[in-house]
Amino acid sequence: MSLALVHSRARAGVSAPPVRVEVHLSGGLPRTNLVGLPEAAVRESRDRIFAAILCAQFEFPARRITVNLAPADLPKDGGRFDLPIALGILAASGQVDRNALGEYEFLGELGLTGELRAVDGVLPAALAAARAGRKLIVPPGNGAEAALARDVEAYTARTLLEVCAMLNGSKQLPPAEAPPPQITLVPDMADVRGQAHARRALEVAAAGNHHLLLVGTPGCGKTLLASRLPGLLPEASEAEALETAAITSVSGRGLDPSRWRQRPYRSPHHTASAVALVGGGADPRPGEISLAHNGVLFLDELPEWDRKALEVLREPLESGTVTVSRAARSSEFPARFQLVAAMNPCPCGWAGDPCGRCRCNPEAIRRYRSRISGPLLDRIDLHVEVPRLPPQELRPDAPQGEASADIRARVERARTVQQARAGKANAQLGQSETMRWCRLRETDQALLERAIERLQLSARSMHRILRVARTIADLAGSEDIDTPHLTEALGYRRLDRGERLHRAA
């Protein structure tokens with residue numbers, strides 16, 4: 001029978017759906033037909049495969065060849081199907097043992113010499129192959145990435161000829177090996193002088209996975225503080241790291257397997273578009289918010305961002321996912337990131353500074369701050385003012401701040417309490433969970449209600465205040481939310497009042 005079946009994987013978002021490569025040889029004029037919704041790169045594989053088979057000293061069948069990529073309604077793109085199609089042709093023509101194909105899945109682009117070249121999206125395919133109980137054959141450039149999926153039995157092959165020799169039983173392929181992890185030094189909080197209030201807010205944000213907004217004059221240390229947040233976060237679990245690495249794998253930006261356990265830190269420029277943030281394209285790819293999944297997304301100069309670009313953050317901040325829909329297909333990407341934003345208090349940047357350099361009128365300040373919508377500001381848990389430091393605190397012999405390692409130890413203890421209580425960080429609690437785990441005493445409940453009335457806060461803001469207060473209590477080792485915890489949490493919502501900022505100007 002001139003029919004062969006080869007297993008492979010497509011790329012759809014961060015998933016890797018199975019693809020059956022069915023190759024049939026029949027009589028008639030020599031011709032190769034590719035069916036099953038192949039895109040241009042897949043259709044062009046016919047010429048690459050023809051040259052690769054001849055260079056490997058095999059015979060290309062002079063028959064009518066039909067290649068079906070099933071399922072037919074799933075788009076197939078890229079050069080990832082070159083290797084399985086070539087093996088299917090060789091197996092259908094009897095040059096490779098077709099019975100040996102069933103336990104393997106194959107990925108790889110072929111060069112004209114038969115060399116195997118790396119493709120993207122291998123990590124999701126490796127995870128899926130492990131669940132399917134099959135072994136995986138990939139090019140050497142993808143071996144380290146495939147080895148990150150510890151449950152998969154992955155091998156690397158340099159050429160088409162090596163794969164055929166393995167299938168015919170005359171050669172063994174080397175197993176894929178993950179490189180040793182590299183230790184990358186992250187910026188330390190010890191470099192931050194002064195700024196006790198902002199340092200405390202950063203610790204609270206890290207402990208509860210809360211979003212943070214830093215407001216201050218130019219050069220006061222907003223970017224410096226934001227860059228220190230990854231060093232305060234607990235080490236990512238293996239599941240979190242694999243999920244983040246899978247997103248990077250399908251992004252087309254390349255994955256460094258030696259740094260896959262590090263939490264991402266993304267800081268796009270304020271000229272980035274909405275598509276750059278959430279992802280998109282004819283073939284949907286993840287954007288910055290997905291690349292920051294399980295890590296930190298830093299948006300500097302927040303009012304300078306395009307209003308439409310900022311508004312697309314609202315839903316992912318709540319749901320932790322983003323769905324990119326196009327006419328041909330839609331893809332869902334995880335986007336549970338920790339947002340840290342920074343802004344100046346006015347167009348010139350000096351409103352409220354004791355130096356009195358600001359000359360912006362109240363209307364200009366109002367227009368500047370109105371570039372950030374109320375619903376977006378509502379979703380940011382902590383609003384912190386960062387003052388300009390006096391020159392004495394910047395002297396070389398001035399005392400350094402507390403090291404990141406000491407702060408991270410407190411953060412990890414608080415996170416352990418939260419995981420034991422609800423199985424998630426406080427910022428991710430739902431409404432019913434917030435009501436259950438963030439109860440207040442009667443006097444504190446009355447205080448919260450008065451603050452909500454005075455500051456004109458929304459119900460969403462109230463719940464976020466409660467979650468922040470719960471985090472502060474966890475840092476203090478308290479089972480209950482006490483009055484100092486609540487008042488500190490309320491202090492982080494003062495920028496909800498536009499009038500206060502106007503008076504500061």
Side-chain angles (χ1 to χ4, degrees), residues 187-205 211-229 267-272 296-307 309-310 339-374 376-378 380-402 454-456 488 490-505:
D188 199 287
M189 282 288 286
D191 301 330
V192 180
R193 307 294 178 88
Q195 303 294 5
H197 181 56
R199 292 171 60 93
R200 169 64 175 175
L202 211 63
E203 180 178 343
V204 172
H211 305 306
L212 174 66
L213 173 64
L214 302 171
V215 184
T217 57
C220 65
K222 302 185 295 295
T223 304
L224 184 74
L225 285 162
S227 65
R228 269 62 185 168
L229 180 57
S267 55
H269 193 262
H270 66 263
T271 56
V296 177
L297 177 68
F298 176 53
L299 301 184
D300 201 4
E301 305 295 346
L302 193 63
E304 302 298 334
W305 283 76
D306 182 73
R307 179 71 174 259
L310 290 180
L339 174 64
V340 180
M343 62 177 285
N344 296 327
C346 69
C348 77
W350 296 98
D353 191 81
C355 69
R357 292 170 58 178
C358 180
R359 295 295 183 265
C360 302
N361 61 60
E363 180 60 23
I365 297 175
R366 186 196 64 79
R367 287 197 305 267
Y368 178 76
R369 291 166 183 159
S370 66
R371 297 178 188 175
I372 307 171
S373 69
L376 177 60
L377 193 64
D378 213 27
I380 301 178
D381 303 321
L382 309 173
H383 308 161
V384 180
E385 294 178 85
V386 185
R388 182 167 58 94
L389 290 177
Q392 308 87 270
E393 296 193 29
L394 300 177
R395 292 170 55 93
D397 55 353
Q400 286 188 322
E402 187 178 12
R454 182 176 179 184
L455 301 179
Q456 294 297 296
E488 182 179 352
L490 286 169
Y492 293 127
R493 301 298 302 193
R494 290 179 297 178
L495 297 189
D496 281 326
R497 289 190 306 174
E499 300 90 343
R500 182 178 184 276
L501 286 175
H502 289 172
R503 287 199 300 271

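Below, all heavy atoms of this structure are taken into account, side chains as well, without hydrogens, waters or symmetry copies.
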Looking only at heavy atoms, what is the nearest atom pair of Pro303 and Met343, with distance? CD-CB, 3.4 Å
Does any part of the side chain of Glu402, heavy atoms only, come nearer than 4.5 Å to the side chain of Val192, both counted from C-beta? no
Drop me the distance from Arg357's CZ to Cys346's SG, to the nearest 0.5 angstrom. 10.5 Å
Sequence-distant partners of Asp300, side-chain contact (heavy atoms from CB on, under 4.5 Å), two or more places apart: Thr223, Phe298, Ala342
Hey, mind stepping through Leu214 and Glu385 against side-chain contact (heavy atoms from CB on, under 4.5 Å) and telling me if it holds? CA-CA 6 Å; Leu214 302 171; Glu385 294 178 85; over 6 Å; no
I'd like to check the salt bridge (charged side-chain N to carboxylate O under 4.0 Å, His left out) partners of Asp306; sequence neighbours left out, ordered by chain and number. none
Please find the pair of heavy atoms, one from Val386 and one from Cys220, that lie closest to each other, and give the distance. O-SG, 3.5 Å
Rounded to the nearest 0.5 Å, how far apart are CD1 of Ile380 and CG of Leu213? 5.0 Å
Treating Arg307 as the side-chain partner and Ile372 as the backbone partner, does any N or O pair qualify as donor plus acceptor under 3.5 Å? no
Residues in salt bridge (charged side-chain N to carboxylate O under 4.0 Å, His left out) with Glu393, at least two apart? none
Within this structure, what is the CZ-CG distance for the pair Arg200 and Leu382, rounded to the nearest 0.5 Å? 10.5 Å
Contacts of Pro387 meeting side-chain contact (heavy atoms from CB on, under 4.5 Å) (sequence neighbours excluded), chain-then-number -> Gln195
Gln400 versus Ala190, closest heavy-atom pair with distance: CB-O, 3.5 Å
Going from CZ on Arg388 to OG1 on Thr217, what distance comes out if it is rounded to the nearest 0.5 angstrom? 6.5 Å
For Arg371, check salt bridge (charged side-chain N to carboxylate O under 4.0 Å, His left out) against everything at least two apart and list the hits. Glu304
Under a 4.5 Å cut-off applied to non-hydrogen side-chain atoms, are Arg193 and Leu224 in contact? no
Checking Arg359 side chain against Gly356 main chain: does a donor-acceptor pair fall under 3.5 Å? yes
Is the shortest heavy-atom distance from the side chain of Trp350 to the side chain of Cys360 under 4.5 Å? no
Are any non-hydrogen side-chain atoms of Pro268 and Leu297 less than 4.5 angstrom apart? yes
Measuring from atom NE2 of His211 to atom CG of Asp381, what distance do you get when rounded to the nearest 0.5 angstrom? 6.0 Å
Only counting residues at least two apart or in another chain, list the ones meeting side-chain contact (heavy atoms from CB on, under 4.5 Å) with Ala201. Leu212, Val384, Tyr492
Listed partners of Arg199 passing side-chain hydrogen bond (donor to acceptor under 3.5 Å, both in side chains), at least two apart: none
Under the rule for salt bridge (charged side-chain N to carboxylate O under 4.0 Å, His left out), what residues qualify as partners of Arg367, not counting sequence neighbours? Glu363
Say you draw a straight line from CD of Glu203 to CG of Leu229; how long is it, rounded to the nearest 0.5 Å? 11.5 Å
Apply side-chain contact (heavy atoms from CB on, under 4.5 Å) to residues Arg369 and Asn344 and explain how you reach the verdict. CA-CA 9 Å; Arg369 291 166 183 159; Asn344 296 327; over 6 Å; no
Ser373 meets the side-chain hydrogen bond (donor to acceptor under 3.5 Å, both in side chains) criterion, sequence neighbours left out, with Glu311
Can you name the side-chain hydrogen bond (donor to acceptor under 3.5 Å, both in side chains) partners of Asn361, sequence neighbours left out? none
Going by the rule side-chain hydrogen bond (donor to acceptor under 3.5 Å, both in side chains), which residues pair with Asp188 if we only count those two or more places apart in sequence or in a different chain? none
Residues in side-chain contact (heavy atoms from CB on, under 4.5 Å) contact with Leu310, at least two apart in sequence or another chain: Leu299, Leu302, Trp305, Leu313, Leu376
Under the 3.5 angstrom rule, does the side chain of Lys222 hit a backbone N or O of Gly216 as a donor-acceptor pair? yes
What is the minimum heavy-atom distance between Ile365 and Pro345, and which atoms define it? CG2-O, 4.0 Å
